[in-house]
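Written out below as structure tokens is the structure these notes cover.
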Protein chains: 2
Amino acid sequence: MKVTINDVAKLAGVSMKTVSRVINKEPSVRKKTYDIVMDAVNTLNYQPNLAARNLAGTSSFTVGLVYDNPNAYYVIDMQNGVLSRCKEEGYELVIHPCNYLDGNMEEDFKTMIKRSRLAGLVLTPPLSEQNSIIEMLDEMGIHYVRVLSGRPTEEDQDTCIYVNDYAAAYEITSHLLSLGHKNIGFLCGDKEHKSTTERLEGYQAALKDHSISMNDKLIYEGQYSFESGVEGAKALLGENNPNNITALLGGNDEMAAGALFASRLMGIEIPQQLSITGFEDSPFSRQTWPKLTTAHQANDVISQHAARLLFRKTRGARNQDKDIITTFTPSLVVRESSGPTSA
Amino acid sequence: MKVTINDVAKLAGVSMKTVSRVINKEPSVRKKTYDIVMDAVNTLNYQPNLAARNLAGTSSFTVGLVYDNPNAYYVIDMQNGVLSRCKEEGYELVIHPCNYLDGNMEEDFKTMIKRSRLAGLVLTPPLSEQNSIIEMLDEMGIHYVRVLSGRPTEEDQDTCIYVNDYAAAYEITSHLLSLGHKNIGFLCGDKEHKSTTERLEGYQAALKDHSISMNDKLIYEGQYSFESGVEGAKALLGENNPNNITALLGGNDEMAAGALFASRLMGIEIPQQLSITGFEDSPFSRQTWPKLTTAHQANDVISQHAARLLFRKTRGARNQDKDIITTFTPSLVVRESSGPTSA
DNA sequence: AGTTAAAATGACAACGCTGTCAATGTTCTA
DNA sequence: TAGAACATTGACAGCGTTGTCATTTTAACT
């Protein structure tokens, strides 16, 4: 029933070690031998045992995905992306949700790493921005790849995948400007997050390029949550909309949905009286009324590339994956929540 | 740097095997010895190596979570529940998203199982309902626990966790009835799913108990998706609401949100002209306008118990966890989407 | 063909743990 | 208090791989 490397070796008439070489795609195996072994592998439907591989080898076949993002859609997409690569490469995925508020995160990490020696980690924002964590990992000598909000100017192209929120925010803002909006509010996330400042800067740059002066009163800092979107919209639009805002940029889809909700409460018609945009294009940007104009972020693709980058690092020479994209720019998706100014 | 069982044994002045006994909580270790060993474990901060354990032992320390549910919130909750138990018990979790449409699911399963021998699987609906899968697992001799929609009448209390959708649907329907609604529509999911038929029966039972006759025209079969919720609401309410429906039961929160969306399109005020209810209490039932009345389903708790049940099976005598709940009934949460009939 | 270097393969000991079974200690019985 | 019965511990092999290093085969030269 259970097929081991020995069974394959016997059937192929070679040594155990040669089979090992074949399944690890090591060089210096004659083509002919390779084929014979692969035939045996296929006939027996052999699957190398992960535990044995992890135990015996210097490198491991387990990668970890670490996240502290409360957004379920985001997490699932990241998981699926990494998982799809893992499957192809014969790796196993260990997921590690965590909470930056928990003081013992460091301990937690160490435990995880001791228990199953890891090939490396994929870190997702906002946790991937925490320098203390990066330092710890460096100290421990753990490989990792970070998914970060940022612009391709930087050069850690070996350990980072960038999501260019700046450019995306610029594009969304430009979209609103082209619809005639002048007073555009921004419901941004927590400023601790890099994505927030990136998106904010993109927004500001677009305004500047259209010669529109900045107004801090149009910016509300929330926490990327639905609730804070509600609060933000109320704060910016309340008391008869003193700043005459005609469009609202949501820091993400949830905040935009919150703004939509608040608009309903205040009797504001969307998009006739107010345009609202989201960010991320999570499924629920299509499940609001009206559907949200947003920036599509291909999280599954992003995480696939993160995994590929990790594998490239991990396996050094054996794997020189060249087509890894390290910068992604979310792209504008126009739906019903944005429209021309009525004025 | 790397602490092994041998280091602990040396420090404690006992044999490797005794340390093994302690960390596995085997009986027949003298209290005094146990304490000495545990002291050594703590001083060295020892973490048993999972790969070695899996390789050497007859039982494994890896459990799998299998799902084919597209609902991200649901999946995350299930993951977190199982994960929290795994952490406590020193197990590792391997997640396995899959697609029942894929023909090669069986192969996929086998591969996963061969690669890392598993202690067992937690199966979630609707995949947990597929008899072919259960048979396959039985054949392969793999332990599993199924999370299923159903009522506690059945007796597989050793391998199943039931979610009593029947009772929950009964409760929601009763809620609507008590608000004065007589013509209550039902936007149900795919009838292939057990949850659909359970919810449908609960709805029908409630109507019956209130002496309201059934009307098939009030039932629309969708696919538990937002889109099908939109379609269903249009179908039932279109052409001037021929059946004079005043309340709509959504098969889940997404369908309810779809119905909400459709109502907007049709100019129907919620809840003044129409009450709409969801099912599951996923985060987005709080992110619609108005917020959804729904049935709260504690998915994380459910999956924790599923994991506990699996561990009990797996470890036989060593673990006689007695407080495992095997039946959960989602409970009514009243929000703004339901109200009294205007009539 | 004879030599040498390089490429391809194999033998065997790890990896860190658990299972088996034998060897001790301990407690109880008569 | 001897002897049996049981509780506690330890020695050692083996889980299925990979790393190391020795050996054989092939290719590349004179």
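As a basis for the values below, the full set of heavy atoms in this structure was taken, side chains included, without hydrogen atoms, waters or symmetry mates.
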So, for H143(B) and A119(B), which heavy atoms are closest and what is the spacing to 0.1 Å?
CB-O, 3.5 Å

When every non-hydrogen atom of K87(B) is compared with those of P97(A), the smallest separation belongs to NZ-O, 4.5 Å

To the nearest angstrom, the CD-P distance between E26(A) and dT17(D) comes to 15 Å

At 4.0 Å (heavy atoms only), tell me whether F61(A) reaches a base, stays on the sugar-phosphate, or touches nothing.
nothing

Out of dG16(D), dG16(C), dG10(C), which has the shortest distance to the side chain of K2(B)?
dG16(C)

Among dC17(C), dA8(C), dT20(D), which nucleotide sits nearest the side chain of I5(B)?
dC17(C)

Checking contacts here: which listed nucleotide (dT18(C), dG10(C), dT9(D)) is nearest the side-chain heavy atoms of K17(B)?
dT18(C)

Pair of N/O donor and acceptor under 3.5 Å linking dG16(D) base with R117(B) side chain:
no

Side-chain heavy atoms of F109(B) within contact of I142(B), under 4.5 Å:
no

dG10(C) phosphate, OP1 or OP2: any side-chain N/O from S15(A) under 4.0 angstrom?
yes

By the 4.0 Å heavy-atom rule, please label Y34(A) as base, sugar-phosphate, or nothing.
nothing

Closest listed nucleotide, where the reference is the side chain of T18(A) and the choices are dC17(C), dG10(C), dA13(C):
dG10(C)

Distance in angstrom units between K10(B) NZ and dG10(D) P, rounded
14 Å

Quickly work out the L55(A) CG to dT17(D) P distance and round it to whole Å.
12 Å

Can a side-chain donor-acceptor contact be found between T62(A) and N54(A) if the only test is distance below 3.5 angstrom?
yes

In whole Å, I'd like the distance from the CG atom of N24(B) to the C1' atom of dT9(D).
16 Å

From dG16(D), dG16(C), dA8(C), pick the nucleotide closest to the side chain of A56(A)?
dG16(D)

Taking atom C1' of dA7(C) as reference, at what distance in whole Å does atom CZ of R30(A) sit?
8 Å

Give the rounded distance in Å between these two atoms: CZ of R53(A) and P of dG16(C).
18 Å

Could you check which of dT18(C), dC21(C), dA8(C) has an atom nearest any side-chain atom of R21(B)?
dC21(C)

Aromatic rings Y91(B) and F311(B): how do their planes relate, parallel, tilted or perpendicular, breaks at 30° and 60°?
tilted

Taking the side chain of V14(B) as its heavy atoms from C-beta onward, which of dG16(C), dG10(D), dG16(D) lies nearest to it?
dG10(D)

What contact category does K31(B) fall into here, base, sugar-phosphate, or nothing, at under 4.0 angstrom with non-hydrogen atoms?
nothing

